[in-house]
Amino acid sequence: MIGLGHYLVVAGGLFAIGLFGALAKRNAIAILMGIELMLNAVNLNFIAFNRFLAPAQVVGHVFAVCVIVVAAAEVAVGLAIVLGIYRRHLSTDVEHFDWLKW
Amino acid sequence: MSGFTLQGILANVYETGAFWLLSLVALGAALAVVGLKNIVHSAFSLVLSFVAMAGLFMLLEADFLAMVQLLVYAGAISILLVFAIMLTRRPEGKMQESNPFGRYALPAGLVAFFLFLAIAALVLRVSWVSGPGVPAASTVGPLAEAFLTTYVVPLEVAAILLLVALVGAIMLAGGGKR
Amino acid sequence: MIELAWLIPLLPAIAFFIIIFLVRPLRLFSALTAVVAIGLSFAFSLAVLAEVIWRGISMEQPLELASRWLALPGLTVEAGLLIDPLTAVMLVVVTSVSLLVAIYSIGYMHGDPGFSVFFAYISLFVSSMLGLVVANNYFQMFFFWELVGLCSYLLIGFYLHRPTAVAANIKAFVVNRIGDFGFMLGTFMLFLGFGTFNFLELAEAFKGANPAFLTLTALLVFCGPVAKSAQFPLHVWLPDAMEGPTPVSALIHAATMVAAGVYLLARGFILFASAPQAQLVVAYIGGFTAILAATMALAQEDIKRILAYSTISQLGYMVMAMGVGSLTAGMFHLTTHAFFKALLFLAAGSIYHALDELNIYRMGGLAKSMKITSGTLVIGALALAGVPPFSGFWSKDEILLAAYSHGYAGLYVLATITAFLTSFYIFRLVFVALFGRERAAFHAHEAPGVMTVPLVLLAVLAVVAGFVGAPFVAHGFGSFVYFAEPEHAVPNITVMAVSTAVALLGIGGAWWVYGRRQPASEPLAAVAPALHRLLYHRYYIDDFYLWIFRVIVLGLGAAFNWCERHVVDGIFDGLADCIRASGRRLRRVQVGRLQSYALVIFAAVVIIVFWMALPVLGGIR
């Protein structure tokens, strides 16, 4: 019998993989992909909690929709930023970007 | 919930099998997203992962969200990513080497691994109790009702956020042309 | 009348402000303002003296007028007047000498660009001194004591374009500061010990006080007179104070500055009388200073310097008199000395005014060309030498008698030798400057009347002032100004004869060496060059102080400077360097890459999750 725990572990795994991708990759677009994975893992959590703890309600789904909205906005803005940086520096390699100091 | 009928047992077996299958696909595709050297392959793996997750949503009887997942993630966001990859291609860059690991790969792996350990350990130690009630056959109706009554303000805020984000994205992406 | 005594110090102060703020451009009017104010003070002082005698106010029953100046919890300071015969006599001495000096200055300072300011300073000087004289408590006295010091600083450095004058006033100020500090500590000790500054209350409180405490306090208070009255070892400032205009020297030496120290000894006499050890120190310091300064005067060639060392020597006499326990003798000598020393200085000023020359070996024959000046100078010299019946004889005799009769045989001998030296050096000055060979190419002329009249008046005072305390006067000085019981000096023929003899011997010796042969330069330098050098350089005391200053003070300063720069600054610089160096290393953490920051954030998240999950995970159950 598949329970809540199974889903949560899967979601945790996805989240960890997404985090790893966001932290370890050099390509800015790959980092965005990692972040998308993490957001998806969160969605899975919401839905799983909703399904097993309060099946008659849709609160978790509402949250998931909101997360999807935020994810869509995030990826749009994020890609726009990546494009902007690329225009200026002809690179999407975050190793080249070390201006976030001083 | 399904009772001890053959059908019920079979449903259980199907459900279990489907869960494991979809989970493996989702996790494997996610690992591929991170691990592959070619960014286009990563993007395709991401689509696969999203699709598998939509399947998991279906298993969790969230039909509307499964569809949204397919449309927004597997469809729109993935396409957007692929377009971004195309737009940021450097003529001299090789696509085979387009998605390398950075200098923080090892510590990032450790952090991610320990985070997973923490989550898994916590989750597995808790004995979860299912709540009462039966999920609706279709979540579209209840969800629409919730969004248009209790959660109408978050809905509007989300709409405005999307609008603002898209305007901002256009500004950022198109700003270079003046 | 006596209740208006507070006007006496106030009038010159008002004159000061009038001159400074109103009439400074009108030169003669400034001088007149000062003279009139001091003159009025003099008139009031005479009235106060008359009333003191008439009302029978004695040393035991003084008149005190006081009002509260400031009152804090645990500290009440009064502003008040203490009128007794001592005050009255001192007021008359100060105002009379100051008045004559002020009149004389009209002639002496004629044409000086700082004419008006000079009179303003003189007024303030006199005012501070008078305020000091009438003070009824140590606090007020200290207040005016400092004002006197300030005025002397201003006047010594009056010719402020002269570097030597500036150096001299700084020296006077610094040396006085040392003494003032002791005086201040002594005053605080008195307040700590007895809770009051008032002279009369303190006099009561001293009965049965801890003798060691009293001795220490008395010695600290004595530091004030040591500096202000130029006693060894703080006498060095007074000869340099000659850099001021000559009337200022007269004022400082006779009435307003050095007298303050002796007056403090007299006013606080009961403190010293209650602390015999301290009194002994006072006596020996005075005696030693007297002979030391007298020997120094032997070799000086600057007329004002000779007089300056003579002043130090005479102040030594006064201090010694206080030390051996005779307030009467000390104050008597202060009075007579004020007149004849002012006379000597003004006469010297008159010579300088005429010749623009201070070295006695470049004068000579002045007795012919400057009759009044020379005559008064000789009278002053006779008074200083202690030839009867001039005033100096009576007062000096009183001191010698006091030392003799109180059993200080050593001091008596010392003082007698000093008397011989005194008459010798002052007549050395007289013979060389007035009767010596006329030097080439100068024409001395007598000073104007505004200068000679004060000289003559002072000469008269120098002759007659001694009679108020002469032994044959029935109710003289000793029955008026005294401590504990009226002193009526029983004439001691031996002492009188000896002192007269040494005075005449000194004159004779001076004539033998200087008057007979009329040397063109100092004979002592030829006979005993080493001794002459030693005396001329004042036993190298000034040089010793300078050496102390250079080596110890500047050396310590350099050491502290080094310490400050290398140790203190080094510590802080080191701290700063540590922080900067650690910052330079820690800055590497801020690589500026987004992922490193995110990595750190999530690492922290992981740690926090583990930490918070510890109870659940079974770390701590």
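Below, chain A is the first sequence line, B the second, and so on; all start at residue 1.
- Taking CG of B/L161 as the reference point, atom CD of A/E74 lies at 11.0 Å (rounded to 0.5 Å).
- The contact between B/S49 and chain A is made entirely by side chain atoms (from C-beta outward), counting heavy-atom distances below 4.5 Å.
- Residues passing the side chain to side chain contact (heavy atoms under 4.5 Å, CB included) test with B/E145: none are found, sequence neighbours excluded.
- Distance check: A/L44 CG to B/L59 CG gives 10.0 Å after rounding to the nearest 0.5 Å.
- Only the side chain of B/F50 comes within contact range of chain A, judged by heavy atoms closer than 4.5 Å.
- The structure places OG of B/S130 at 7.5 Å from CG of A/L4, a figure rounded to the nearest 0.5 Å.
- Checking B/Q69 against A/N43 by side-chain atom types alone, no donor-acceptor pair falls below 3.5 Å.
- The side chain to side chain donor-acceptor pair (under 3.5 Å) check on A/E36 picks up nothing, with sequence neighbours excluded.
- Between A/I47 atom CD1 and B/M53 atom CE the span is 10.0 Å, to the nearest 0.5 Å.
- Within the model, atoms CD1 of B/I39 and CG of A/N27 stand 4.0 Å from one another, a figure rounded to the nearest 0.5 Å.
- Contact record, A/A72 with B/L162: CB-CD2, 4.2 Å, taken as the closest heavy-atom pair.
- Taking the six-membered ring for Trp, B/F19 and A/Y7 have ring centres closer than 6.0 Å.
- For the set B/N99, B/L115, B/L46, the entry with the most heavy-atom pairs within less than 4.5 Å of chain A is B/N99.
- The environment of CH2 in B/W128 is crowded: more than 12 heavy-atom neighbours from other residues, nucleotides or ligands sit within 6.0 Å.
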Exercise. Using the side chain to side chain contact (heavy atoms under 4.5 Å, CB included) rule, take A/V10 and B/W20 through it: C-alpha gap first, then chi angles, then the decisive distance, then the call.
Key: CA-CA 10 Å; A/V10 171; B/W20 286 118; 6.0 Å; no

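- Each of B/A118, B/A146, B/G109 has some count of heavy-atom pairs under 4.5 Å with chain A, and the biggest count is that of B/G109.
- For A/F49, the part lying under 4.5 angstrom from a heavy atom of chain B is the side chain only.
- Annotation: residues 23-33 of chain B contacts chain A through B/S23, B/A26, B/L27, B/A30, B/L31, B/V33 [non-hydrogen atoms, separation under 4.5 Å].
- Residues of residues 74-83 of chain B having a heavy atom under 4.5 Å from any heavy atom of chain A, listed by number: B/I77, B/L80, B/L81.
- Annotation: side chain of A/Y86 is not in contact with side chain of B/L87 (no heavy-atom distance under 4.5 Å).
- You'll find the side chain of B/Y151 stays beyond 4.5 Å of the side chain of A/V65, heavy atoms only.
- Heavy-atom distances place no part of B/V13 under 4.5 Å from chain A, backbone and side chain included.
- Rounding to the nearest 0.5 Å gives a distance of 7.0 Å between CG of A/L83 and OG1 of B/T88.
- Counting heavy atoms of neighbouring residues, nucleotides and ligands inside a 6.0 Å radius, atom CZ of A/F52 exceeds 12 of them.
- Contacts between B/L60 and chain A at a heavy-atom distance below 4.5 Å involve backbone atoms as well as side-chain atoms.
- Closest non-hydrogen pair, B/L166 versus A/A76, comes out as CD2-CB, 3.9 Å.
- Of the two parts of B/L124, only the side chain, counted from C-beta on, holds a non-hydrogen atom closer than 4.5 Å to a non-hydrogen atom of chain A.
- For B/L65, the part sitting under 4.5 Å from any heavy atom of chain A is the side chain, from C-beta outward, and nothing else.
- Among A/R26, A/M33, A/K25, the residue with the largest count of heavy-atom pairs under 4.5 Å with chain B is A/K25.
- For the set A/L19, A/I81, A/I68, the entry with the most heavy-atom pairs within less than 4.5 Å of chain B is A/I68.
- Considering only heavy atoms from C-beta on, B/I119 stays 4.5 Å or farther from A/L8 through its side chain.
- Residue with the most contacts toward chain A among B/A84, B/P107, B/G35: B/A84 (heavy-atom pairs, distance under 4.5 Å).
- In terms of heavy-atom pairs under 4.5 Å with chain A, the best-connected choice from B/P132, B/P154, B/S127, B/A108 is B/A108.
- Residues A/V9 and B/F116 share a closest heavy-atom pair of O-CE1, 3.6 Å.
- Of the two parts of A/L79, only the side chain, counted from C-beta on, holds a non-hydrogen atom closer than 4.5 Å to a non-hydrogen atom of chain B.
- Around CZ of B/F147, the count of heavy atoms belonging to other residues, nucleotides or ligands within 6.0 Å exceeds 12.
- Contact annotation: the side chain of B/V34 approaches that of A/F20 to within less than 4.5 Å [non-hydrogen atoms, C-beta and beyond].
- Interface check for chain B: of the options A/P55, A/A24, A/A16, A/A80, the most heavy-atom pairs under 4.5 Å are formed by A/P55.
- Residue B/F101 touches chain A through both its backbone and its side chain, counting heavy-atom pairs closer than 4.5 Å.
- If you tally non-hydrogen atom pairs under 4.5 Å between each of B/G102, B/P142, B/A165 and chain A, the highest count goes to B/G102.
- For B/V134, the part sitting under 4.5 Å from any heavy atom of chain A is the backbone (N, CA, C, O) and nothing else.
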